[in-house]
Colleague: 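Mind looking over this structure? Questions follow.
Owing to the predicted nature of the structure, the values given are computational and were not obtained by experimental measurement. Numbering of ligands and ligand atoms starts at 1, following listing order.
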Amino acid sequence: MSAQLLDGKAASAAIRREVLSRAQCLSPAPSLCAVLVGDDPASALYVRNKERACAESGIRSVFRRLPSSTTQAELLELVRELNADPDVDGILVQSPLPRGLNETELVNAISPWKDVDCFHPENVGLLVAGTPRFLPCTPAGVQRLLVLNSIETAGKHVVVVGRSNIVGKPMANIMLQKASGANATVTVCHTGTRDMGYYTRQADILIVAAGRPNVITGDMVKAGAVVVDVGMNEVEDASAPRGKRFVGDVDFGAASEVASWITPVPGGVGPMTVAILMENTLRAAELRDMRR
Ligand code: GUN
């Protein structure tokens, strides 16, 4: 392996310490309510991580765990209740929701002032306009990881693989802003792209959020590129403690032979997502005080 590791754990711990010191200046302390519907094991793990991060960041956390039989009407009612609750600063509904529930309708029902995921169309619009209220957690976490490791983005070719509303689209938007930590030339590849390697081999910075293991093989990475792997896929592994382990979207072994920097999975982007969520919750609480 020749690439250096982009350590998301260390960077996220530093961000959480900063959030803690600012949260301690606010009374009442910032608060986050996460809604988890059903029993998807990966979602339960994410929510546990968020709960732990809140405790370390001086943020009060309330977690609503609901059965997968919960109806759309019941969820909408809960969101309205949380919108009106002055004791709740940030609301997030953990995705994916069980089949049959309409995620878009729920996200649109969350107050844009409490939308710490930055999924509400008003907040997406503000981001695209270059005047963000909140930053989308995973893309902003990726950008911060680059900045904290002094990786230049201005004038670089950033290739994003994936066009989801959660990662790909906002990632591309952030990197093309005329701002520090951005100002890049951006290409977005997706399932409709022909000959993906043609594009990825031109990337100075390759950001992969495809949601499938080994989408990026070693020969698809330019020598010296920075590789950021957003993927989190559970795969069978008889030698792992639970018979399963998490891998990203990139063939880590092969890519780390050619890249200059690479994120590990886990321990790369995942902790950064949670750290930005803490920053957004702090911001929601600061905005609450300014709006009074
Ligand atoms: N599921 C995967 N990532 C996220 C995220 O950032 N926020 C929410 N609410 N759900 C997710």
Side-chain angles (χ1 to χ4, degrees), residues 8 12 15-16 31-54 57 59 61-66 68 70 75-76 78-79 82-83 88-99 101-112 114-121 123-124 127 132 134-145 160 162-171 173-174 207-212 228-234 246 248-249 263 265-266 268-281 283-284:
S12 86
I15 295 169
R16 290 197 303 268
S31 79
L32 173 69
C33 182
V35 179
L36 176 62
V37 189
D39 42 27
D40 175 53
S43 293
L45 174 68
Y46 290 148
V47 168
R48 271 202 305 279
N49 288 342
K50 289 169 184 174
E51 205 165 10
R52 196 174 322 131
C54 281
S57 311
I59 291 172
S61 59
V62 187
F63 284 81
R64 297 286 190 100
R65 290 184 171 80
L66 301 168
S68 49
T70 307
L75 275 173
L76 280 170
L78 172 61
V79 166
L82 297 171
N83 283 344
V88 170
D89 295 309
I91 303 168
L92 79 80
V93 177
Q94 186 64 35
S95 171
L97 288 169
R99 214 181 287 261
L101 293 170
N102 182 339
E103 200 163 319
T104 307
E105 188 186 33
L106 279 168
V107 164
N108 293 359
I110 294 174
S111 161
K114 298 190 177 189
D115 169 39
V116 285
D117 265 327
C118 194
F119 289 170
H120 190 284
N123 290 323
V124 175
L127 172 73
F134 297 113
L135 292 171
C137 300
T138 299
V142 170
Q143 182 189 37
R144 190 71 70 81
L145 199 52
V160 178
R163 58 175 157 189
S164 68
N165 288 335
I166 296 188
V167 186
K169 282 187 212 163
M171 187 77 246
N173 248 302
I174 285 179
I207 303 173
V208 190
R212 254 177 317 124
V228 179
D229 190 348
V230 182
M232 185 62 101
N233 308 292
E234 203 169 33
F246 283 105
D249 294 348
T263 53
V265 175
V269 176
M272 297 303 291
T273 298
V274 181
I276 303 293
L277 176 68
M278 299 300 108
E279 281 192 341
N280 280 348
T281 306
R283 178 158 169 76

Colleague: Find the distance between CG (L145) and CD1 (I276) and round it off to the nearest 0.5 Å.
Modeller: 9.5 Å
Colleague: Tell me which protein heavy atom sits closest to atom 1 (N) of ligand 1, plus the residue, atom name and distance to 0.1 Å.
Modeller: S95 O, 2.9 Å
Colleague: Short N/O distance, under 3.5 Å, between F119 and ligand 1?
Modeller: no
Colleague: Any side-chain heavy atom of L32 within less than 4.5 Å of one from L277?
Modeller: yes
Colleague: Identify, by atom number and element, the atoms of ligand 1 in contact range of L92, meaning under 4.0 Å from any of its heavy atoms.
Modeller: 9 (N)
Colleague: Within a reach of under 6.0 Å around CG of N102, are more than 12 heavy atoms found that belong to other residues, nucleotides or ligands?
Modeller: yes
Colleague: A side-chain contact here means heavy atoms from C-beta on lying under 4.5 Å apart; do L76 and E105 qualify?
Modeller: yes
Colleague: Looking only at non-hydrogen atoms, which of V47, L97, D117 approaches atom 8 (C) of ligand 1 most closely?
Modeller: D117
Colleague: Does any part of the side chain of L36, heavy atoms only, come nearer than 4.5 Å to the side chain of S43, both counted from C-beta?
Modeller: yes
Colleague: Hey, is L277 touching ligand 1 through its side chain, its backbone, both or neither, going by heavy atoms under 4.0 Å?
Modeller: neither
Colleague: May I ask you to check if ligand 1 and Q94 share an N or O to N or O distance below 3.5 Å?
Modeller: yes
